[in-house]
Amino acid sequence: MKLFEMKHIKKSFDGLEVLKDISLDVEEGEVLSIIGPSGSGKSTILRCATGLETPDSGEIIKTGEVGLVFQQFNLFPHFSVMKNIVDAPLKVQKRKKDEVYVQARSLLKKMGLADKEKAYPFQLSGGQQQRVSIARALCMNPKILFFDEPTSALDPELTGEILKVIKDLAQEHITMVIVTHEMNFARDISDRIIFMDKGVIAVEGTPEEVFSSDNGRMKEFLGKFH
Ligand code: ADP
Ligand code: MG
């Protein structure tokens, strides 16, 4: 079943077309990774998908709530860990307090942060902050979770713990769209990969297909990781 669809999305900023007729869909339970050079439009796809940007034209079809995990965590600095997680479920989704707190505690436990609910973001490592932001996104019960370079702001030794969390979510068949520069991770975790180049989907397929593609820009891009 399709959970999400983008049809012929175009988006320009100041006369520069950064998304040129993008169409993609996401199946329930699927892990889709989006790779490509800086400036190719990856974040703009996620921002359009999650409603942070409005496309100039085209259509977006969603079946439910979508969540977004940012590169820079984007936690509220003046809220405790718990308040960061429960705020939107209580205020935006208007759910019952008891139920939301039970879910939030269970998510914190799953993220290995059971003892951090009263802590503030500045008291946590980058990896811990990113795990809080994943718990926050999950507490909205999204149909799809979008990640925008979730490890790019982390020190290399903290990257692994976040990739492990995302891999665990994939094993639970959480539907995810992941923008990442971690090529081995993308190859390992994805059902499908999209390579973006200058606002278009230049290559799309299984990890095997994409990583063995003859596309010149794709080869050049992969060459930068060797
Ligand atoms: P990526 O995530 O692949 O690095 P982005 O989607 O962030 O690429 O950006 C694609 C292009 O759109 C870049 O040239 C970027 O400078 C431009 N861009 C993105 N957001 C804005 C914005 N809000 N205003 C102006 N230009 C933007
Ligand atoms: Mg980006």
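Computed from a predicted structure; not experimentally measured. Order of listing sets the numbers, starting from 1, for every ligand and every atom in it.
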Looking only at protein heavy atoms, identify the closest one to [atom] and say how far it is in Å.
atom: atom 11 (C) of ligand 1; answer: V18 CG1, 3.3 Å
atom: atom 24 (N) of ligand 1; answer: F13 CD2, 3.5 Å
atom: atom 1 (P) of ligand 1; answer: G39 N, 3.5 Å
atom: atom 14 (O) of ligand 1; answer: L16 CD2, 3.9 Å
atom: atom 7 (O) of ligand 1; answer: S43 CB, 3.6 Å

Checklist entry - How are the rings of F4 and F146 set to each other: parallel, tilted or perpendicular (split at 30° and 60°)? => result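 If you compare the ring of F4 with that of F146, the planes turn out perpendicular.
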Next on the checklist: Checking Q130 against S133: is there a side-chain donor and acceptor pair closer than 3.5 Å?
Outcome noted: yes
Item to check | Proximity flag G199 to ligand 1, non-hydrogen atoms under 4.0 Å | outcome: no
Item to check | Electrostatic pair K110-D168, nearest N-O below 4.0 angstrom | outcome: no
Next on the checklist: Taking the basic N atoms (NZ, or NE/NH1/NH2) and the acidic carboxylate oxygens, is any pair closer than 4.0 Å for E220 and R217?
Outcome noted: yes
Next on the checklist: Do R136 and F76 form a cation-pi contact, if we require the NZ or CZ to be under 6.0 Å from the six-membered ring centre and within 45 degrees of the ring's axis?
Outcome noted: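 Yes; both conditions hold, so R136 lies above the ring face of F76.
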Next on the checklist: What I'd like to find out is whether the side chain of F185 reaches to under 4.5 Å of the side chain of T159, using heavy atoms alone.
Outcome noted: no
Checklist entry - Should you measure from each heavy atom of S38, which atoms of ligand 1 turn up under 4.0 Å away? => result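 By the 4.0 Å cutoff, the relevant atoms are 4 (O).
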Checklist entry - Can you list the ligand 1 atoms lying under 4.0 Å from a non-hydrogen atom of P37? => result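 Going through ligand 1 atom by atom, the ones under 4.0 Å from P37 are 3 (O).
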Item to check | Residue S38, metal the Mg ion (ligand 2), N/O/S under 2.8 Å | outcome: no
Checklist entry - Does ligand 1 have a heavy atom under 4.0 Å from the side chain of T44, from its backbone, from both, or from neither? => result both
Next on the checklist: Evaluate D14 for polar contact with ligand 1, using N/O atom pairs at a separation under 3.5 Å.
Outcome noted: no
Checklist entry - Does an N or O from G41, backbone or side chain, lie closer than 3.5 Å to an N or O of ligand 1? => result yes
Checklist entry - Counting only heavy atoms not in K143, do more than 12 fall under 6.0 Å of its NZ? => result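 No, the 6.0 Å shell around NZ holds no more than 12 heavy atoms from other groups.
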Next on the checklist: For D115, I'd like to know if atom CG has over 12 heavy atoms of other residues, nucleotides or ligands within 6.0 Å.
Outcome noted: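 Atom CG in D115 is crowded, with more than 12 foreign heavy atoms closer than 6.0 Å.
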